[in-house]
**Q** 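Could you have a look at this structure, given as structure tokens, before my questions?
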Amino acid sequence: MKKIVQIMLIAGTLLSTAFAYDPVPEREFRGVWLSTVVNIDWPSSRYDSDTKKQNDLKAYLVKLKDSGCNAVLFQVRCSCDAMYDSPYEPWSYWFSGEQGKGPSVDWDPLEFAVSEAHKLGMELHAWVNPYRAVVNPIPDNLNNSAYISDEHVTRRHPDWILKFSDV
């Protein structure tokens with residue numbers, strides 16, 4: 001009986017060692033998507049002032065950090081537009097309510113987000129939607145110059161665009 005108990009103790013020790021894990025891993029990716037399309041997460045409104053947008057973005061990042069996140073996937077291209085100063089694509093409609101219109105003061109939301117995330121010890125990754133040219137391509141939106149600027153790819157190169165539905 002003593003021998004069986006010893007074998008069980010040794011087996012139990014070996015099994016617990018084999019399946020043990022470090023409760024605090026050296027590196028762990030705990031990330032969250034920060035959506036900008038349709039103002040899902042940020043900015044809360046495309047009509048907010050630049051100061052409010054900056055303060056809201058800082059508060060959002062702090063909230064994520066406090067929740068245990070160490071990485072943010074920041075949506076910077078919703079639909080062939082940009083949430084940063086780009087020589088290639090117009091500013092996002094979701095940033096200002098007018099595609100092609102950026103901040104009223106000199107700041108770049110992507111640079112700002114990277115800087116603020118790094119101050120908090122967090123990673124920031126740019127999230128790009130590479131295939132969607134237009135969100136809600138209904139005729140009212142397609143003919144609205146505030147929604148789709150003359151600089152948008154659908155206006156500059158309509159022959160590049162594939163239509164998948166009438167909706």
**Q** Check whether Phe29 and Leu124 end up in the same hydrophobic cluster, where Ile, Leu, Val, Met, Phe, Trp and Tyr are linked by side-chain heavy atoms less than 4.5 Å apart.
**A**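 Result: no, two separate clusters.
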**Q** For the pair Val32 and Leu73, evaluate side chain to side chain contact (heavy atoms under 4.5 Å, CB included) and give the outcome as yes or no after the intermediate values.
**A** CA-CA 6 Å; Val32 170; Leu73 295 102; over 6 Å; no
**Q** When rounded to the nearest 0.5 angstrom, what is the spacing between OG in Ser96 and CG in Asp48?
**A**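 Going from the OG atom of Ser96 to the CG atom of Asp48 covers 12.0 Å.
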**Q** Over 60° means perpendicular and under 30° means parallel, so classify the ring planes of Phe95 and Trp107, tilted if in between.
**A**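 Ring orientation, 0 to 90° scale: tilted.
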**Q** What distance do Glu151 atom CD and Ser86 atom OG have between them, rounded to the nearest 0.5 Å?
**A** 11.0 Å
**Q** May I ask you to check whether over 12 heavy atoms, not counting those of Tyr88, lie within 6.0 Å of atom OH?
**A** no
**Q** Is it the case that Asn39 and Arg46 place a side-chain donor and acceptor less than 3.5 Å from each other?
**A**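 Short answer, yes.
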**Q** Are the side chain of Gln99 and the backbone of Ala146 linked by a donor-acceptor contact shorter than 3.5 Å?
**A**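 Checked: no pair found.
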**Q** CG/Asp50 to CG/Asn55 distance, rounded to the nearest 0.5 angstrom?
**A**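 The CG atom of Asn55 is 11.0 Å from CG of Asp50, to the nearest 0.5 Å.
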**Q** Report yes or no: do Trp33 and Phe74 belong to one cluster of Ile/Leu/Val/Met/Phe/Trp/Tyr joined by side chain heavy-atom distances under 4.5 Å?
**A** no
**Q** Looking at CZ of Arg156 and CD1 of Ile161, how far apart are the two atoms once the value is rounded to the nearest 0.5 Å?
**A** 10.0 Å
**Q** Mind listing the closest non-hydrogen atom pair of Trp91 and Lys101 along with its distance?
**A** CB-O, 3.5 Å
**Q** Could you state the interatomic distance from OH (Tyr47) to NZ (Lys53), rounded to the nearest 0.5 Å?
**A**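 That separation rounds to 10.0 Å.
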**Q** Pair up each side-chain donor or acceptor in residues 58-67 with any protein partner under 3.5 Å, not counting sequence neighbours, and list the distances.
**A**
from  : atom 1 : to     : atom 2 : distance (Å)
Lys65 : NZ     : Leu120 : O      : 3.0
Ser67 : OG     : Lys63  : O      : 2.8

**Q** Could you walk me through whether Gln54 and Phe112 pass the side chain to side chain contact (heavy atoms under 4.5 Å, CB included) test, one step at a time?
**A** CA-CA 8 Å; Gln54 289 173 333; Phe112 183 82; 3.7 Å; yes
**Q** Write down the atom of Cys80, the atom of Ala133, and the distance for their closest heavy-atom approach.
**A**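 Looks like SG-CA, 3.7 Å.
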**Q** Do His152 side-chain atoms and Thr154 backbone N/O form a donor-acceptor pair below 3.5 Å?
**A** yes
**Q** If you group Ile, Leu, Val, Met, Phe, Trp and Tyr by side-chain heavy-atom gaps below 4.5 Å, do Met122 and Trp127 land in one group?
**A** no
**Q** List the atom of Asp41, the atom of Ser35, and the distance in Å for their closest heavy-atom pair.
**A** OD2-N, 2.7 Å
**Q** Please answer whether the main-chain N or O of Ala82 pairs with a side-chain N or O of Arg77 as donor and acceptor at a distance below 3.5 Å.
**A** no
**Q** Please check if Val153 and Ile148 belong to a single hydrophobic cluster, counting links between Ile, Leu, Val, Met, Phe, Trp and Tyr side chain heavy atoms closer than 4.5 Å.
**A** no
**Q** Check for me, please, whether Tyr93 and Val37 land in the same ILVMFWY cluster - side-chain distances under 4.5 Å, paths through other members count.
**A** yes
**Q** Closest approach of Thr36 and Cys78, non-hydrogen atoms and distance?
**A**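 Residues Thr36 and Cys78, closest heavy atoms: OG1-SG, 3.1 Å.
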**Q** Please give me the minimum heavy-atom distance between Leu57 and Ala113, naming the atom from each residue.
**A** CD2-CB, 3.9 Å
**Q** Run the numbers on Glu28 and Asn70 for side chain to side chain donor-acceptor pair (under 3.5 Å), then give the verdict.
**A** CA-CA 8 Å; Glu28 186 174 75; Asn70 64 4; over 6 Å; no
**Q** For residues Ser44 and Asp56, report the shortest heavy-atom separation together with the two atoms involved.
**A** OG-OD2, 3.3 Å
**Q** Can a donor-acceptor pair be found between the side chains of His125 and Glu123 at a distance below 3.5 Å?
**A**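 Judged by distance alone, the side chains do pair up.
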**Q** Quick check for you: to the nearest 0.5 Å, what is the distance between Met83 atom CE and Asp108 atom CG?
**A** 11.5 Å
